[in-house]
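Chain letters run A, B, ... following the sequence lines, proteins first, then strands; residues in each count from 1.
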Protein chains: 2
Amino acid sequence: MSRRVTSQDVADLAGVSRTTVSFVLNNVHRFSIRPETAEKVRLAAQELGYYPNASAKALASNQTKNIGLIISRAPQYVASDPFLPQILSGLLDALKQNSQGLLLEWVEPGQQLQTYLELTRAHHIDGMILMTPRLDDPGLRALEEADIPVVVMGYIPGSSLHSVDVDNLTSAEAAVNHLIGLGHRCIACITNAPLPYSSAIQRLDGYKSALQKAGIEFKPELVREADFDIKSGHQQMKSLLQSDQEFTAVFVASDNVALGAYSALSEAGLSIPDDISIVGFDDIPMASFVTPTLTTVAVSGQEIAIESYNLLTRLMRGDLPESRSVTLPTRLIPRESSREIGRRGKRGERGAEKTSAKFVSCFND
Amino acid sequence: MSRRVTSQDVADLAGVSRTTVSFVLNNVHRFSIRPETAEKVRLAAQELGYYPNASAKALASNQTKNIGLIISRAPQYVASDPFLPQILSGLLDALKQNSQGLLLEWVEPGQQLQTYLELTRAHHIDGMILMTPRLDDPGLRALEEADIPVVVMGYIPGSSLHSVDVDNLTSAEAAVNHLIGLGHRCIACITNAPLPYSSAIQRLDGYKSALQKAGIEFKPELVREADFDIKSGHQQMKSLLQSDQEFTAVFVASDNVALGAYSALSEAGLSIPDDISIVGFDDIPMASFVTPTLTTVAVSGQEIAIESYNLLTRLMRGDLPESRSVTLPTRLIPRESSREIGRRGKRGERGAEKTSAKFVSCFND
DNA sequence: AATAATTACTAACGCGCGTTAATAGTTGCT
DNA sequence: AGCAACTATTAACGCGCGTTAGTAATTATT
């Protein structure tokens, strides 16, 4: 175990002072250094295999060169999040270009305030990106006056925090409009997550709004709340099928959850899109590889990540952007899972006798 | 922007010295502190909202309290890795219990050595976990004598690095044996990744070994290399179908890739398992929710993560474990995607005339 | 030739904390 | 009372680096 190489060692070998070494290696132009001196220093550093100590650098410069990604979700949900890799991919790529690091942190429910304070006050990181926070997160207030910049992925109404998000409401509306345009009138909805999560309520609102604009009555009985993972999608779809409600299409506000719905429909012997049309949300890689391919709203996790990072970078440089929030576009991608109603609608078979009245309303509009 | 709270402030408020504060907050028992003094200090710290500066602490104690997870894969592959969330979930959970942080790092191909040195020498982290390294990684040698502990997820033959892995070879063998037991004789293989990745070659070797033990000839024409993502699975399955080779089952060494194969088979109008049986590897959450549900080898990413972390922790404490590598068990989970051959084998239809000879070998064994 | 301005470099301090060696204060024993 | 053995606390140093204020050497200006 050889002793650690310090800048003093480099200075000694180059025959200059430690200060000069620092100036050269950090490209400080304010003090001019003779080119040959600089070269001598660089050579010495290379020869010794010198890497400046991260902690010392951070302490002296008050910059850790790390940004934090905070996940407001329990590990068991993290485990099956198909969106996380995309976010990470985008962030890692952007960070590498600025030779910054990514500190990943998961906050326990109820420990948010504690964790946020610890991270910001202890200066573990220079900036912070909050992934999928809950609206009722008790620590958000504190972050508004944190001493490091914060960017939220998602929208927190009434918060002064900067944020990046897709237009969940409009996008969900477009998804449901797509179904309405295909003639569907009885459209169920499975949310992507519990409603305290910002995206969940917005997508549900989009669903409601689309129905309203089309003059279709909103029925709470047609709504189910999923919980991020496939299993919950399966359960909630099953719950819908077991209810007395009739519907010919489902807007599932997350592809992952939608795949669970696929499974439940398949189990029930129902065909997509013959019996039920499905529209998802997110456009995860699998969406174009399932059978039938999934109609969905394309959201680029990488784009969200990059945009968040860019915003954060600007905040760290101290130049305040004019607008508090960035909204990214989405794109509806029609695939095989959604189709015009009645093309082969045999959904009525099950329990047709007792739901005939409602059934009419599904087709006669 | 209020001035940062330091331990001196706490000391002043509590009416003691900074040293005492340090002793109290770090639970140093070697010097005894009167309980009421300790209480005074704790109260003062709480009142001021004191959080010790991470960099200063790291510098003074030579411990960053961070461990690094290094991903040897380009961001575009990270983006569609269904296994990463499981690993992260396991790690985050374990880390939180020891109040450590996770630094995520991606290494560019060709930059491995550079990145490893930077991370270890600059002491960004206390320990390092290497995810899915390539066998030909030029930086591994350097890590063997790094000044921080390293654990590899996966097996690197001939390396002295500690490692955690599932028994890929035996597990793959079991998967293929399952197919052989169902009567299959012409079994194709699609690897999970390019062969320079350690797990890919081991799983392929397991496939070969199972064939050999069963007295079945290994045909290189029946092997394809996928590249982690679904799309590559789709492509390679297509490539198999377009070849002249006959086969009644495919061992796909990754569930994610297998789902791509599903898609290709579906496109080709072939049924799983009627025409082709499929066995996957990993047991990602989706495996039990696709139609048909996927027979696969269950690997717990979380377990791998936790085991890696435990090993790393022991190394960091300095107690060397007796064995260099930990091997975790797997479990074959038979589901719907694999079935006895010939139950409804109409796979011969396509190009039956020109492949009849081979075809015989698929059933007459 | 004398002074000012510029260039090239360095000594020394501070970042906030952990920790050792030393110092008062207290109790136990003969 | 007198010495030893603790107990409770602190002064002071070092971790490795960035950075300001300052010095010495050279060049430009009057």
All salt bridge (charged side-chain N to carboxylate O under 4.0 Å, His left out) counterparts of A/Asp81, not counting sequence neighbours: A/Arg73
May I ask you to say what [X] touches in the nucleic acid, namely base, sugar-phosphate or nothing, with a heavy-atom cut-off under 4.0 Å?
| X | result |
| --- | --- |
| B/Ser55 | nothing |
| B/Leu59 | base |
| B/Ser32 | base |

Pi-cation contact, B/Tyr51 with A/Arg121 (under 6.0 Å, within 45°): no
All pairs passing salt bridge (Lys or Arg N to Asp or Glu O under 4.0 Å) where residues 12-34 of chain A contributes a residue, at least two apart: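 Non-adjacent pairs meeting salt bridge (Lys or Arg N to Asp or Glu O under 4.0 Å): A/Arg34-A/Glu36.
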Any donor-acceptor N/O pair, B/Thr37 side chain to B/Ile33 backbone, under 3.5 Å: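 No, B/Thr37 side chain to B/Ile33 backbone: no donor-acceptor pair under 3.5 Å.
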CD on B/Gln76 to CZ on B/Phe228, rounded to 0.5 Å: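 CD of B/Gln76 is found 11.5 Å from CZ of B/Phe228.
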Outermost DNA chain C nucleotides near chain A [under 4.0 Å, heavy atoms]: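 On DNA chain C, the outermost contacted nucleotides are C/dT7 to C/dG16.
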All ring-ring contact (aromatic ring centres under 6.0 Å, His included) counterparts of A/Phe23, not counting sequence neighbours: A/Phe31
Phosphate-side-chain proximity, B/Ser17 and D/dT9, N/O vs OP1/OP2 below 4.0 Å: no
What's touching nucleotides 19-23 of chain D from the protein side, N or O pairs under 3.5 Å?
from   : atom 1 : to      : atom 2 : distance (Å)
D/dT19 : O4     : A/Thr19 : OG1    : 3.1
D/dT20 : OP2    : A/Arg30 : NH2    : 2.8

Flag for B/Tyr116-B/Asp137: side-chain donor and acceptor within less than 3.5 Å: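 Per modelled atom types, B/Asp137 and B/Tyr116 side chains form a pair under 3.5 Å.
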Residue pairs fulfilling side-chain hydrogen bond (donor to acceptor under 3.5 Å, both in side chains) with at least one residue in residues 95-104 of chain B, sequence neighbours excluded: B/Asn98-B/Tyr309, B/Gln100-B/Tyr309
